[in-house]
Amino acid sequence: MEAGHITISKRFLIILANIEREKEVYYLYMGAVEIIICAVIVVAALVIGFFLGITYRKKVSEREIQSAEEKAKRIINDSIKAAESKKREALLEAKEEIHKSRSEHEREMKERRSELQKQERRIQQKEENLDRKTDALEKKSDNLTKKLADLDAAREEVNLMKRSQMELLEKISGYTVEEAKAYLIKMLETEVTHEKAVKIKEIDAQLKEEADQRAREYISLAIQRCAADHVAEATVSVVPLPNDEMKGRIIGREGRNIRAIETLTGVDLIIDDTPEAITVSSFDPVRREIARIALEKLILDGRIHPARIEEMIEKARREVDATIKAEGERAVFETGIHGLHPELVKLLGRQKYRTSYGQNVLNHSIEVAHISGLLAAELGVDVATAKRAGLLHDLGKSIDHEVEGSHVTIGVDLARRYKESEEVIHAIEAHHGDVEARTVIACIVQAADTVSAARPGARRENIENYIKRLEKLEEISKSFKGVESCYAIQAGREIRIMVKPDEISEDEMVLLARDIAKKIENELEYPGQIKVNLIRETRAVEVAK
């Protein structure tokens with residue numbers, strides 16, 4: 001019984017377990033059914049909302065299209081009305097214009113008819129006058145015919161008298177007619193030759209005086225109208241330092257920094273005992289400027305090592321290239337020259353860093369261009385060509401440190417390469433007298449170049465050449481007889497000479513001053529002019545007792 005009871009209990013428990021599993025399966029099934037129903041409801045709601053949205057948007061678009069069509073109809077109607085009103089106005093204006101032109105045409109026709117009537121009356125009067133003059137001329141021609149007959153008879157009588165007089169003169173003088181003619185012609189040739197020589201000398205002297213006077217006037221006007229400031233520039237660059245410690249940083253460990261700077265820029269750095277300064281020296285002014293800018297940037301930055309040095313030098317090179325281009329464009333703009341090749345503009349910009357005896361070559365070229373234009377205007381030649389030749393006359397100086405040859409030869413080659421005119425090329429070639437000037441513009445550029453270089457303060461001389469010139473000036477003055485002593489003053493622009501009063505009279509002083517000036521002109525080269533000032537002192541001394 002107990003065993004059967006246990007078996008019944010197990011079966012009951014298994015049945016309960018099966019019932020629990022069936023409940024769980026039922027609950028899972030019901031949950032899945034609920035989820036599927038919810039999903040179907042959501043999808044149906046989305047589909048219904050989508051169709052409702054499409055229907056709403058369609059109604060809105062139909063309303064907008066209808067309003068746009070109504071607006072377009074209104075605009076078309078307004079345009080038609082405006083066009084009709086403008087058409088009526090145009091018709092009225094055309095009618096008025098036709099009426100006005102018709103009235104003017106009628107008035108012009110009336111004036112022309114009256115003018116034609118007046119001309120017909122004048123022609124009739126002229127015909128009547130011509131008839132009267134024709135009658136008068138016929139009468140005069142008859143009188144002239146009679147007079148001509150009388151003149152022919154008189155001419156025959158004169159010829160007879162002339163022949164008889166010539167025969168009488170031949171008998172008296174003993175000369176034939178041909179011999180007398182030759183003698184008279186010879187006498188006249190002698191007198192005319194002398195008078196011609198005298199007249200030529202007078203005209204030559206007058207022309208020289210007028211030419212000198214006009215040349216002085218033209219040059220003085222050009223100089224006055226082209227006044228420019230001049231500051232002598234240095235040929236070395238000095239870079240200031242914040243302290244002397246910076247010199248060691250620029251030199252670097254075992255000199256690697258200074259070697260890098262000199263190798264990349266091609267300049268020499270002079271680091272001496274000068275406090276808080278470094279000198280940059282180079283024959284190439286562009287390289288010197290690049291090195292100066294790079295050093296200033298490195299000093300401001302504070303980081304000095306080979307990689308940074310290379311970076312700063314590249315930046316300085318780009319900055320200098322931009323400055324060169326800007327300066328070339330400034331020169332072209334200031335002088336008003338057009339059509340210059342871009343490479344020539346850059347070469348002009350390089351002249352900003354080029355000096356000649358301390359004078360900036362770019363400023364000198366601009367000034368020569370202005371003076372050449374003013375002189376050309378005074379002389380009545382082509383101003384634009386004169387300015388162009390003046391601006392390009394020192395073109396070779398922009399690269400004369402890189403190319404062999406004189407700056408004149410280099411400038412001529414550059415001008416030919418960039419298709420400048422032959423007149424400009426000849427002016428460049430002749431501006432220093434290397435070839436003879438064949439054109440007026442070449443002579444103008446020569447004069448303008450001399451004027452610009454001879455301005456006071458424009459150029460700085462080498463001290464040795466300056467001292468040699470003063471010594472030569474005093475030596476020339478002392479070589480004349482009667483000179484007691486002489487002194488060069490005013491920086492060599494005046495020589496003051498003391499003469500011996502017992503050997504040189506007051507009249508001889510004028511001749512002596514002229515001779516000294518001529519010898520100085522022939523034997524000495526100098527900028528501007530030198531004034532020769534002679535002093536003769538006569539003293540009378542007496543002692544009162």
Side-chain angles (χ1 to χ4, degrees), residues 36-126 225 318-319 321-346 348-349 366 369-370 373 376-377 382-388 391 418-421:
I36 291 169
I37 291 167
C38 291
V40 170
I41 292 168
V42 170
V43 170
L46 289 173
V47 171
I48 292 167
F50 175 73
F51 283 108
L52 288 174
I54 290 173
T55 306
Y56 176 74
R57 290 183 62 187
K58 186 176 181 181
K59 289 181 179 179
V60 170
S61 60
E62 286 176 355
R63 285 197 299 270
E64 289 179 354
I65 290 168
Q66 186 176 0
S67 63
E69 289 177 353
E70 291 175 355
K71 189 175 180 180
K73 288 178 181 179
R74 286 197 303 271
I75 292 170
I76 291 168
N77 292 330
D78 294 339
S79 301
I80 292 169
K81 292 177 181 178
E84 289 178 353
S85 62
K86 287 183 178 178
K87 182 178 178 181
R88 287 194 295 271
E89 291 176 359
L91 287 172
L92 291 173
E93 290 178 358
K95 288 179 180 178
E96 291 177 357
E97 188 69 24
I98 291 168
H99 180 69
K100 185 177 178 181
S101 60
R102 184 181 295 165
S103 59
E104 288 180 356
H105 180 69
E106 290 176 355
R107 181 173 53 79
E108 289 179 359
M109 290 298 294
K110 288 179 181 178
E111 290 178 355
R112 288 182 181 178
R113 288 194 192 96
S114 61
E115 186 68 25
L116 287 171
Q117 291 174 359
K118 291 178 182 178
Q119 288 180 359
E120 287 177 357
R121 287 195 294 271
R122 285 198 296 269
I123 290 169
Q124 289 177 357
Q125 291 176 359
K126 287 181 179 179
R225 292 173 63 186
R318 289 197 298 268
E319 185 177 332
D321 289 341
T323 304
I324 285 171
K325 184 179 179 182
E327 287 296 322
E329 291 172 352
R330 177 183 67 85
V332 173
F333 177 75
E334 284 187 12
T335 53
I337 294 171
H338 304 288
L340 210 60
H341 196 280
E343 290 300 323
L344 290 181
V345 176
K346 290 181 183 178
L348 284 174
I366 293 171
H370 287 309
D382 189 359
V383 175
T385 305
K387 277 189 171 184
R388 197 181 191 95
L391 184 64
Y418 295 113
K419 306 295 187 247
E420 287 296 320
S421 65

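- Ile337 CD1 to Thr385 OG1: the interatomic distance, rounded to the nearest 0.5 Å, is 9.5 Å.
- For Glu104, the side chain to side chain donor-acceptor pair (under 3.5 Å) criterion is met by no residue, not counting sequence neighbours.
- Between Ala376 and Val383, the shortest heavy-atom contact is CB-CA, 4.0 Å.
- The closest side-chain heavy-atom distance from Phe51 to Val47 is below 4.5 Å.
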Could you please spell out the steps behind the side-chain contact (heavy atoms from CB on, under 4.5 Å) verdict for Leu340 and Glu420?
CA-CA 9 Å; Leu340 210 60; Glu420 287 296 320; 3.7 Å; yes
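- For the atom pair OG (Ser101) and NE2 (His105), the distance works out to 9.0 Å, reported to the nearest 0.5 Å.
- Comment: Lys73 does not engage Glu69 in a salt bridge, judged by the lack of any side-chain N to carboxylate O separation of less than 4.0 angstrom.
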Show the numbers, then the answer: is there a salt bridge (charged side-chain N to carboxylate O under 4.0 Å, His left out) between Glu115 and Arg112?
CA-CA 5 Å; Glu115 186 68 25; Arg112 288 182 181 178; over 6 Å; no
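- Contact annotation: the side chain of Asp321 never approaches that of Lys325 to less than 4.5 Å [non-hydrogen atoms, C-beta and beyond].
- In this structure, CD on Glu84 lies 8.0 Å from NZ on Lys87, to the nearest 0.5 angstrom.
- For the atom pair CZ (Arg121) and CG (Leu116), the distance works out to 11.0 Å, reported to the nearest 0.5 Å.
- The two residues His338 and Arg388 come nearest to each other via the heavy atoms O-NH1, 2.9 Å.
- Once rounded to the nearest 0.5 Å, the distance linking OG1 of Thr55 with NZ of Lys59 reads 7.0 Å.
- To the nearest 0.5 Å, the span separating CG on Leu46 from CZ on Phe50 amounts to 11.0 Å.
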Show which side-chain atoms of residues 88-100 pair as donor or acceptor with protein atoms under 3.5 Å away, not counting sequence neighbours.
none

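- Salt-bridge annotation for Arg107 and Glu111: present, with a side-chain N of the basic residue lying under 4.0 Å from a carboxylate O of the acidic one.
- Nearest heavy atoms, Ile366 versus Glu334: CG2-OE1, 3.7 Å.
- Within a 6.0 Å sphere centred on CZ of Arg102, other residues, nucleotides and ligands contribute 12 heavy atoms or fewer.
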